[in-house]
Each structure stands twice: as C-alpha cells, then as structure tokens.
Amino acid sequence: MAQVSSVADKQTTSSKSITLRISRYNPEYDDASRFMEFNVSYEKWTTVLEAILEVKQYFDHSVAVRYSCRQATCGSCGMMINGKPRLACFTKISELDSNVVTVEPMSNFPIIRDLAVKFERLFDTHHKIKPYLIRDDTEIESDEKEFLQSPEEVEQYIQFANCIKCGLCNAACPTMATDSSFVGPQALAQAYRYVADSRDKGKDSRLKMIDESHGIWRCHFAGSCSQVCPKGVDPAMGIQLLRGYLLGFRS
Amino acid sequence: MRESTIMKIHYGTALAAVALVAVHILMRLTMNFAESLEYETVLANYKFIPYALMLELILILLSVHGFNGLRVILLELKQGRTYEKAVSYGCLAAMVGLIAYGSRTIIMVNMGMV
Amino acid sequence: MTQDENKEGVGGMINPRRYGIERVAYWLMRLSGLGLLAYFIGHIYETSNILRGQVGWTELLEMTSTPFFHIILSIVIAMCVFHTVNGIRVMLGHGGIGVGKPSRPDYPYDPASQNYRHKIGIYSAIVLAAVAMMYGLAVLFGE
Ligand code: HEM
Ligand code: SF4
Ligand code: FES
C-alpha cells in the first residue's frame with residue numbers, strides 16, 4: 001500500500017515545471033527546423049529523456065528520439081541540451097538550472113528526423129582505425145593460456161575502453177564543426193585504446209592510418225571532447241598520447 | 001610529404017623562430033626604439049653579415065610556419081579534391097613568393113645596392 | 001536532396017562560451033596566428049622600402065609613426081607573446097606532456113587532460129601578452 005500512496009504523492013507534489021523546447025525537422029518534407037514547446041513537470045531526479053518520453057506519451061507521439069538503455073550505457077540518446085552535447089538519459093533537468101530546456105539533434109551529425117541522427121560517419125571512422133586486437137597468433141592456436149596482462153597494463157587503456165560510441169565528443173569538437181573528412185576524437189581515442197593495449201601489435205598500421213591530412217594533426221587540443229564525454233574517456237588525453245608516438249616523445 | 005613530416009617542420013620552425021625573433025625584437029630595445037630604426041642604423045644592421053643571415057633565416061622559418069598554419073586552417077574550413085589541392089599549392093606558392101621578395105631586400109641592401 | 005551534415009560551422013567553432021578556457025585558447029591561437037601572418041607579410045613589404053634609399057625609408061617611418069600604427073603594433077606584440085607562450089604549451093601537450101595519465105575513470109569523470117597545468121599555461125600566456133602590450137604602449141607612446 002505504501003507504493004500506491006507514493007505514486008499518488010508524485011502526482012500531487014510535482015509542482016515544478018519547465019518549458020521543453022524540442023527541435024522538429026523532417027528533411028524529407030521540411031525546409032527548416034522549428035521548435036515545439038511543451039510544459040513539463042519534473043522532480044529532482046527527472047531526466048531530459050524522461051521529459052521527452054512524457055511529451056511523446058501525453059502530447060505528441062510523433063517526436064523522433066533514439067534511446068535504449070536509459071542508463072548511459074548504450075550511447076543512443078546523445079543530443080544538444082541547452083546548446084551542449086549531452087546524453088538525455090544522463091542529464092537531470094534539475095542540474096541544468098534553467099526554466100527552459102532546449103533539445104536539438106546532435107551537431108555535426110546528419111539529421112534523420114527531429115532528435116535522431118545518422119551515425120554512419122562515426123561508425124566508419126571507428127571501423128577505419130581497426131578497433132580490435134591485431135597480432136599474428138591467437139589465444140586458441142598458441143598452446144598457452146589466455147593472453148595475460150598485469151593490472152598496470154590494463155590501466156594503460158581501460159579508461160579508453162569505456163567509450164560507448166555516443167558521439168558527444170564528435171559533436172563538441174571544433175574541427176568537426178567545419179571538417180567533413182576529419183577522423184574525429186571518438187575514433188582517435190579508440191586508436192589509442194588499442195595501441196596502448198599490451199596484447200596488441202597493430203601500432204604501426206594504425207599510426208600510418210591516422211597520419212594523413214585529415215587525421216590526428218587536425219586535433220588542436222581544444223579539449224571540448226573531454227569536457228562533454230559522459231564516461232570519463234578523456235579523448236583529448238588519448239589523442240595527445242597517441243600523437244606523442246608520432247612526434248617521437250614515446251615509443 | 002607525410003602529414004607528420006609537415007607538422008614536425010611546423011613545430012621545428014616555431015621553436016627555432018622563438019629564439020631568433022627574440023633577438024630581432026631585443027635589437028629594437030638595446031637602444032632607444034626610434035633610434036634603432038633610423039636609416040643609418042638599419043642599413044648598418046643589414047650590412048652586418050651575421051645579422052643579415054639571421055634575418056634571412058627568420059624570413060624562411062616564419063614563412064614556412066605561417067603559410068603552413070594558413071594551409072591547416074583552410075584545409076579544416078572546407079573540403080574537396082580541387083579545393084584542397086589549390087590550398088596546398090597556393091600556400092606553397094605564397095610561401096616561396098614571400099621568401100623571394102624578402103630575400104631580395106636583404107641581399108640587395110647587404111650588397112650595397114641602394 | 002544532398003544530405004545536410006548539420007555541421008556547426010565557423011560560428012560553432014569559435015563560440016567561446018560553451019567549453020571553457022581551453023576552447024578560448026584554441027581560437028585565440030588561430031586568430032593570433034592569422035594576425036601575425038598578416039603583420040609578417042606587411043612587415044616584409046614595409047622593410048622593402050629601404051631599397052628606395054634614405055628618403056623612402058624615412059617617409060615610411062613617418063607614415064607608420066602615427067598613433068594608429070602604434071596601436072596596431074601593440075596588438076601585434078600581444079598576439080606574438082600569446083602565440084609564442086601558448087604555442088609552447090600546445091607543443092608540449094601535443095607531445096603528450098602534462099596531459100595526465102590514464103586511470104580507471106570514476107564519477108564525476110573530470111577529464112585529467114583539462115588540468116591546472118595547462119590552464120595555468122593559458123592564463124600566463126594571456127597575462128604575459130597583456131603585460132608585453134602595456135610595455136609596448138609605454139615605449140611607443142612614451143617618447
Ligand atoms: C615564434 C614563436 C611561435 C611559436 C612557438 C609558434 C607555435 C605555433 C604552434 C605550436 C602552432 C600549432 C597550433 C595548433 O596546431 O593548434 C602554431 C600555429 C600557427 N602559427 Fe605559430 N608560432 C610562432 C610564431 C608564429 C608567427 C610569427 C606566425 C606568423 C607568421 C605564426 C603563424 C601561425 C599560424 C597561421 C598558425 C596556424 C594556427 C592554428 O593552426 O591554430 N606563428 N604556431
Ligand atoms: S569518447 Fe566519450 S563522448 Fe566520445 S563517443 Fe566515446 S563515450 Fe561518447
Ligand atoms: S539511452 Fe542509452 S545512453 Fe542514454
């Protein structure tokens with residue numbers, strides 16, 4: 001019975017509300033995007049994603065949004081929230097400190113519809129840096145056991161392995177804002193993730209791949225990627241460490 | 001040229017330029033600023049071979065660094081095969097042009113052709 | 001219809017308000033680089049006037065000895081100092097120096113590369129540029 005009363009509580013105590021502005025755009029029919037405004041009530045713990053889903057449920061079901069895990073794990077729900085790329089499921093309305101919450105599709109990604117964007121370029125660049133261990137033998141062939149690593153060796157790359165491919169870093173990057181051919185912070189950080197892995201032997205081929213006119217050198221260490229990353233990957237660090245190899249500071 | 005080679009040159013020219021430009025600017029402060037720019041002083045500077053060599057070196061270093069910097073900015077601004085080719089060769093041509101133009105001044109003054 | 005990439009464009013690139021001092025340093029570096037290049041080209045042209053002999057050189061000196069040119073020169077001084085000091089910081093960073101070392105990330109995930117060492121580097125570049133500009137103004141207008 002306690003549960004029932006707490007549900008009732010929720011409905012009566014939710015006194016605070018904000019204006020949620022959602023960018024609406026369908027490239028097939030619309031010339032330009034326009035905003036639709038909704039009044040949404042929220043609690044201290046309400047996330048932007050929950051607010052959007054409430055709009056879908058009660059006001060306008062046609063709002064297009066991509067999400068799945070609702071816990072900052074799948075990397076689907078990246079969008080511009082009050083001008084900055086964030087995960088909608090990982091951003092509480094209360095922490096935004098604003099009466100108006102504006103949600104737009106993630107910058108530097110082509111729009112499918114409303115808040116849903118295309119990830120082809122991110123997946124392509126990610127694929128290009130060979131996101132897997134490269135070596136001649138395998139664990140199965142060589143009679144030994146698994147490839148062993150010390151905790152220190154794991155520490156070298158585990159931070160970068162936290163990447164959920166949400167693309168927030170690519171949306172924040174100043175080079176991505178104008179350069180359609182740039183590899184981008186997400187892929188570069190993943191290149192470092194594998195280069196720094198003691199089991200991997202693909203360093204030379206990866207370094208060669210990113211050493212071109214729209215490769216790693218188009219990073220200027222502005223750090224915006226690291227400031228928006230929701231998983232603490234710190235792509236800017238990975239990229240500079242990776243460039244350290246190319247500049248001869250590391251080997 | 002590999003992009004890493006170009007960028008190593010970019011950093012290298014910058015580092016070398018730091019020291020030389022410092023000397024070049026401090027020359028204006030060893031004496032009174034206006035005095036250091038008087039015709040005779042400047043002419044004497046140009047005729048002093050080590051100083052003229054330094055000027056030539058600064059000219060080359062900064063032209064390479066500056067126009068490569070411009071190339072980087074333009075490459076990031078817009079993409080496309082023809083555009084990028086134009087940017088690369090355009091910056092190279094401007095670099096060579098500026099070096100040639102500046103060298104003309106240094107060599108002619110140094111050899112007393114004024 | 002060609003697919004619009006929805007890129008932020010130059011406006012988003014230079015917007016200094018969203019991403020802290022590192023992003024400001026990024027575009028000040030660009031601006032000062034371009035400004036210095038423009039000045040450098042002008043300077044090479046300017047000095048070529050010495051080929052016109054004493055008359056030409058003095059004429060040019062007089063033309064550039066106005067308050068307007070002195071202010072331009074002070075800005076060039078500031079750009080030069082900022083670009084040099086920040087350039088050294090950027091070069092160290094690009095080599096992987098002072099960007100922190102990898103570790104297991106923990107909430108709230110403060111990025112180790114955006115650390116006080118580099119922030120101090122940026123602020124000192126700005127302060128030194130301001131001081132140098134003041135000194136330049138004093139020398140140029142003090143006579
Ligand atoms: C002498 C000290 C100097 C140092 C230490 C220095 C250092 C640097 C560095 C490290 C970069 C790369 C920035 C990046 O990739 O983010 C750079 C870029 C640049 N520099 Fe310099 N530089 C110096 C002087 C100059 C001068 C005198 C000029 C003008 C002729 C100049 C023009 C440029 C330009 C146009 C860029 C491209 C801007 C950018 O990519 O952000 N630099 N400089
Ligand atoms: S590095 Fe961070 S911001 Fe970029 S895709 Fe991975 S998790 Fe997202
Ligand atoms: S819904 Fe999975 S990351 Fe937000």
Side-chain angles (χ1 to χ4, degrees), chain B residues 7-8 10-15 17-19 21-22 24-25 28-29 32-43 45-46 55 58-59 61-63 65-74 76-79 91 94-95 97-110 113-114, chain C residues 5 7 9-10 13-14 27 29-62 64-65 70 73 76-77 80-81 83-88 90-95 132 135-136 138-143:
Chain B
M7 293 313 284
K8 278 179 193 159
H10 192 73
Y11 299 128
T13 49
L15 276 177
V18 175
V21 172
H24 182 60
I25 294 174
R28 303 288 140 267
L29 301 172
N32 176 299
F33 178 71
E35 209 177 290
S36 81
L37 287 179
E38 268 167 25
Y39 183 64
E40 282 76 21
T41 332
V42 176
L43 209 59
N45 277 343
Y46 272 113
L55 286 183
I58 294 180
L59 173 67
L61 291 173
L62 289 188
S63 301
H65 179 87
F67 281 108
N68 184 54
L70 182 65
R71 179 192 69 101
V72 167
I73 292 177
L74 293 176
E76 288 176 14
L77 214 54
K78 205 167 113 54
Q79 290 73 46
C91 284
M95 186 188 301
L98 193 66
I99 293 176
Y101 187 73
S103 303
R104 186 188 73 129
T105 309
I106 297 174
I107 293 170
M108 283 175 73
V109 179
N110 183 263
M113 289 163 76
V114 274
Chain C
E5 296 172 273
K7 289 186 291 187
V10 177
M13 176 185 102
I14 62 173
W27 79 261
M29 187 72 188
R30 299 228 126 155
L31 205 64
S32 57
L34 287 177
L36 286 172
L37 181 59
Y39 171 76
F40 183 60
I41 296 170
H43 188 60
I44 301 298
Y45 170 73
E46 177 190 18
T47 49
S48 76
N49 272 287
I50 198 165
L51 292 175
R52 286 168 47 217
Q54 177 139 27
V55 184
W57 182 256
T58 318
E59 206 176 89
L60 184 100
L61 266 190
E62 268 160 23
T64 52
S65 297
H70 283 174
L73 198 57
V76 169
I77 294 171
C80 182
V81 171
H83 192 90
T84 306
V85 177
N86 191 56
I88 292 169
V90 162
M91 275 190 268
L92 291 172
H94 285 186
Y135 179 71
V139 170
L140 290 169
F141 284 98
E143 288 163 17

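Chain letters run A, B, ... following the sequence lines, proteins first and then strands; every chain starts at 1. Owing to the predicted nature of the structure, the values given are computational and were not obtained by experimental measurement.
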### Query
Do you know which of B/Leu62, B/Leu15, B/Val18 has the most heavy-atom pairs under 4.5 Å to chain C?
B/Leu62
#### Entry: Residues of residues 31-39 of chain C within contact distance of chain B, non-hydrogen under 4.5 Å
C/Leu34, C/Leu37
### Query
Quick one: are C/Thr58 and B/Glu38 in side-chain contact, heavy atoms under 4.5 Å?
no
### Message
For the OH atom on B/Tyr39, are there more than 12 heavy atoms of other groups (residues, nucleotides or ligands in this structure) within a distance under 6.0 Å?
### Response
yes
### Message
Below 30° counts as parallel, above 60° as perpendicular, anything between as tilted: where do the rings of B/His24 and C/His43 land?
### Response
perpendicular
### Query
With only heavy atoms counted, which part of C/Leu61 is less than 4.5 Å from chain B, the side chain, the backbone, both or neither?
side chain
### Query
Using non-hydrogen atoms only, which part of C/Val10 is less than 4.5 Å away from chain B: side chain, backbone, both, or neither?
side chain
#### Entry: Interchain contact, B/Tyr46 with chain C, by part (heavy-atom threshold 4.5 Å)
side chain
### Message
Is B/Leu59 close to chain C through its backbone or its side chain, or both, or neither, when contacts mean heavy atoms under 4.5 Å?
### Response
both
## Note on the structure
Turns out that what part of C/Thr84 lies under 4.5 Å from chain B's heavy atoms comes down to side chain
#### Entry: Distance (rounded to the nearest 0.5 Å) between C/Thr64 OG1 and B/Leu37 CG
8.0 Å
### Query
C/Trp57 side chain to B/Val42 main-chain N or O, any donor-acceptor pair under 3.5 Å?
no
